[in-house]
Asker: 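Just dropping this structure here.
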Amino acid sequence: MRTFLGIAAGIIVGLASAAGIGFLGDFLFPSGIAVERYTAAVAADIFPRLPFEAQLLSILSWGIATLIGASLAKKIAGRSWAAWAVAAFFVAYVVLTLLVLPMPGWMQAVAIGGPVIGGFIANRLVAERPAAEAPVEAPDDADL
(Lines give C-alpha, C1' and ligand atoms only; values in the text may rest on other atoms or scores of the structure.)
Protein backbone atom coordinates (compact mmCIF):
# COMPACT_ATOMS: atom_id res chain seq x y z
CA MET A 1 0.00 0.00 0.00
CA ARG A 2 2.85 2.35 0.85
CA THR A 3 4.39 1.77 -2.58
CA PHE A 4 1.14 2.54 -4.39
CA LEU A 5 0.68 5.73 -2.38
CA GLY A 6 4.27 6.75 -3.07
CA ILE A 7 3.88 6.27 -6.81
CA ALA A 8 0.53 8.10 -6.88
CA ALA A 9 1.89 11.00 -4.82
CA GLY A 10 4.99 11.15 -7.01
CA ILE A 11 2.94 11.36 -10.19
CA ILE A 12 0.58 14.01 -8.79
CA VAL A 13 3.37 16.16 -7.36
CA GLY A 14 5.41 15.69 -10.54
CA LEU A 15 2.53 16.82 -12.75
CA ALA A 16 1.92 19.82 -10.50
CA SER A 17 5.63 20.67 -10.71
CA ALA A 18 5.60 20.43 -14.50
CA ALA A 19 2.56 22.69 -14.66
CA GLY A 20 4.17 25.21 -12.30
CA ILE A 21 7.37 25.28 -14.33
CA GLY A 22 5.29 25.64 -17.49
CA PHE A 23 3.49 28.66 -16.04
CA LEU A 24 6.83 30.11 -14.98
CA GLY A 25 8.14 29.61 -18.53
CA ASP A 26 5.10 31.34 -19.99
CA PHE A 27 5.66 34.23 -17.60
CA LEU A 28 9.41 34.52 -18.27
CA PHE A 29 9.27 33.90 -22.03
CA PRO A 30 5.85 35.02 -23.31
CA SER A 31 4.94 33.92 -26.79
CA GLY A 32 2.91 37.02 -27.61
CA ILE A 33 0.38 34.81 -29.41
CA ALA A 34 -3.23 35.71 -28.65
CA VAL A 35 -5.61 32.78 -28.29
CA GLU A 36 -9.36 33.24 -28.26
CA ARG A 37 -10.31 29.61 -27.82
CA TYR A 38 -7.83 26.97 -26.71
CA THR A 39 -8.17 23.67 -28.57
CA ALA A 40 -5.82 20.84 -29.49
CA ALA A 41 -5.42 22.27 -32.99
CA VAL A 42 -4.50 25.67 -31.58
CA ALA A 43 -1.94 24.08 -29.24
CA ALA A 44 -0.42 22.14 -32.15
CA ASP A 45 -0.16 25.40 -34.08
CA ILE A 46 1.30 27.45 -31.23
CA PHE A 47 3.92 25.09 -29.83
CA PRO A 48 6.40 25.26 -32.75
CA ARG A 49 6.23 29.08 -32.66
CA LEU A 50 7.17 29.37 -28.98
CA PRO A 51 10.49 31.06 -28.20
CA PHE A 52 13.48 28.73 -27.96
CA GLU A 53 13.80 29.40 -24.23
CA ALA A 54 10.18 28.34 -23.61
CA GLN A 55 10.73 25.14 -25.60
CA LEU A 56 13.89 24.40 -23.65
CA LEU A 57 12.09 25.03 -20.37
CA SER A 58 9.45 22.48 -21.43
CA ILE A 59 12.15 19.81 -21.73
CA LEU A 60 13.68 20.87 -18.41
CA SER A 61 10.26 20.85 -16.74
CA TRP A 62 9.75 17.19 -17.66
CA GLY A 63 13.11 16.28 -16.16
CA ILE A 64 12.66 18.40 -13.03
CA ALA A 65 9.09 17.14 -12.53
CA THR A 66 10.34 13.56 -12.79
CA LEU A 67 13.14 14.30 -10.33
CA ILE A 68 10.68 15.76 -7.80
CA GLY A 69 8.02 13.09 -8.28
CA ALA A 70 10.43 10.14 -8.31
CA SER A 71 12.22 11.44 -5.22
CA LEU A 72 8.93 11.68 -3.37
CA ALA A 73 7.85 8.22 -4.50
CA LYS A 74 11.12 6.66 -3.35
CA LYS A 75 11.00 8.56 -0.05
CA ILE A 76 7.48 7.28 0.69
CA ALA A 77 7.82 3.75 -0.72
CA GLY A 78 11.44 3.22 0.21
CA ARG A 79 12.13 1.30 -3.00
CA SER A 80 13.93 2.41 -6.13
CA TRP A 81 11.44 0.77 -8.45
CA ALA A 82 8.76 3.19 -7.19
CA ALA A 83 10.91 6.06 -8.46
CA TRP A 84 11.38 4.27 -11.78
CA ALA A 85 7.60 3.77 -12.03
CA VAL A 86 7.15 7.54 -11.79
CA ALA A 87 9.93 8.05 -14.36
CA ALA A 88 8.23 5.53 -16.68
CA PHE A 89 4.98 7.46 -16.34
CA PHE A 90 6.73 10.66 -17.38
CA VAL A 91 8.47 8.94 -20.30
CA ALA A 92 5.04 7.77 -21.51
CA TYR A 93 3.69 11.29 -21.00
CA VAL A 94 6.52 12.74 -23.08
CA VAL A 95 6.07 10.15 -25.84
CA LEU A 96 2.35 10.94 -26.04
CA THR A 97 3.15 14.65 -26.11
CA LEU A 98 5.60 14.06 -28.96
CA LEU A 99 2.89 12.22 -30.88
CA VAL A 100 0.32 14.99 -30.38
CA LEU A 101 2.33 18.19 -30.67
CA PRO A 102 4.55 18.96 -33.63
CA MET A 103 7.95 19.69 -32.08
CA PRO A 104 11.24 20.73 -33.61
CA GLY A 105 13.63 17.86 -34.30
CA TRP A 106 16.01 18.77 -31.48
CA MET A 107 13.16 18.56 -28.96
CA GLN A 108 12.10 15.18 -30.25
CA ALA A 109 15.68 13.95 -29.92
CA VAL A 110 16.21 15.03 -26.31
CA ALA A 111 12.69 15.00 -24.83
CA ILE A 112 12.80 11.48 -23.40
CA GLY A 113 16.19 12.16 -21.83
CA GLY A 114 14.66 14.60 -19.32
CA PRO A 115 12.53 12.06 -17.42
CA VAL A 116 15.20 9.36 -17.64
CA ILE A 117 17.87 11.65 -16.20
CA GLY A 118 15.40 12.91 -13.57
CA GLY A 119 14.63 9.33 -12.50
CA PHE A 120 18.32 8.46 -12.36
CA ILE A 121 19.18 11.48 -10.20
CA ALA A 122 16.21 10.83 -7.89
CA ASN A 123 17.38 7.27 -7.34
CA ARG A 124 20.85 8.52 -6.45
CA LEU A 125 19.64 11.32 -4.14
CA VAL A 126 17.14 9.41 -2.00
CA ALA A 127 18.36 6.44 0.00
CA GLU A 128 16.47 3.18 -0.23
CA ARG A 129 14.81 2.09 2.99
CA PRO A 130 16.42 -1.07 4.39
CA ALA A 131 14.33 -4.21 4.26
CA ALA A 132 12.48 -5.03 7.45
CA GLU A 133 14.37 -7.40 9.65
CA ALA A 134 13.02 -10.89 10.08
CA PRO A 135 10.57 -11.11 12.97
CA VAL A 136 11.89 -12.60 16.15
CA GLU A 137 10.19 -15.89 16.97
CA ALA A 138 8.96 -16.59 20.47
CA PRO A 139 10.82 -19.45 22.15
CA ASP A 140 9.10 -22.82 22.23
CA ASP A 141 8.15 -24.38 25.56
CA ALA A 142 10.79 -27.04 24.92
CA ASP A 143 13.50 -24.37 24.80
CA LEU A 144 12.65 -23.11 28.29
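All values reported here derive from a predicted model rather than from experimental measurement. Nothing fancy with the numbering, it's 1 onward along the sequence.
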Asker: For a quick test of reading the model, state the closest non-hydrogen atom pair linking Phe90 to Ala65 and the distance between them.
Answerer: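 Looking at all heavy atoms of both residues, the shortest contact is CE2-CB, 4.1 Å.
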Asker: Measure the spacing between CD1 of Ile121 and OG1 of Thr66 and express it to the nearest 0.5 Å.
Answerer: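 Reported to 0.5 Å precision, the distance equals 10.5 Å.
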Asker: Answer yes or no: is there a side-chain heavy-atom contact under 4.5 Å between Leu125 and Leu67?
Answerer: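 Leu125 reaches Leu67 side chain to side chain.
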Asker: Show me the donor-acceptor pairs, under 3.5 Å and distance only, between side chains in residues 4-17 and residues at least two apart or in other chains.
Answerer:
from	atom 1	to	atom 2	distance (Å)
Ser17	OG	Val13	O	2.8

Asker: Hydrophobic side-chain clustering at under 4.5 Å (ILVMFWY, transitive links): who's grouped with Phe120? Put none if nobody.
Answerer: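 When side chains under 4.5 Å apart are linked, the cluster holding Phe120 also contains Trp84.
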Asker: Does the Asn123 side chain pair with the main chain of Gly119, one donor and one acceptor, at a distance under 3.5 Å?
Answerer: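 Present.
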Asker: Do Val126 and Ile76 land in one hydrophobic cluster if side-chain heavy atoms of ILVMFWY residues count as linked below 4.5 Å?
Answerer: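 As far as the 4.5 Å side-chain criterion goes, Ile76 and Val126 are not connected within one cluster.
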Asker: Do Val116 and Val94 belong to the same hydrophobic cluster, where Ile, Leu, Val, Met, Phe, Trp and Tyr are linked whenever their side-chain heavy atoms lie under 4.5 Å apart, directly or via other members?
Answerer: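 Same cluster.
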Asker: In terms of hydrophobic clustering (I, L, V, M, F, W, Y; side-chain heavy atoms under 4.5 Å; direct or indirect links), are Val86 and Ile117 co-clustered?
Answerer: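 Not linked; separate clusters.
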Asker: Which side-chain N or O atoms in residues 96-110 pair as donor and acceptor under 3.5 Å with protein atoms at least two apart or in another chain?
Answerer:
from	atom 1	to	atom 2	distance (Å)
Thr97	OG1	Tyr93	O	2.8
Gln108	NE2	Met103	O	3.0

Asker: For the CZ atom of Phe29 and the OG atom of Ser58, what is their distance to the nearest 0.5 Å?
Answerer: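 That separation rounds to 11.0 Å.
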Asker: Check Pro115 against Val91 and note the closest heavy-atom contact, atom names and distance.
Answerer: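 Closest heavy-atom pair between Pro115 and Val91: CB-CG2, 3.8 Å.
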Asker: Could you state the interatomic distance from CZ (Arg124) to OG (Ser71), rounded to the nearest 0.5 Å?
Answerer: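 If I round to the nearest 0.5 Å, the distance is 13.0 Å.
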Asker: Is the closest side-chain heavy-atom distance between Thr3 and Trp81 below 4.5 Å?
Answerer: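 Result yes, sub-4.5 Å side-chain heavy-atom pair found.
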Asker: Tell me if a side-chain donor or acceptor on Lys74 pairs with a main-chain N or O of Arg79 at a distance below 3.5 Å.
Answerer: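 Side chain of Lys74 to backbone of Arg79: no pair is present.
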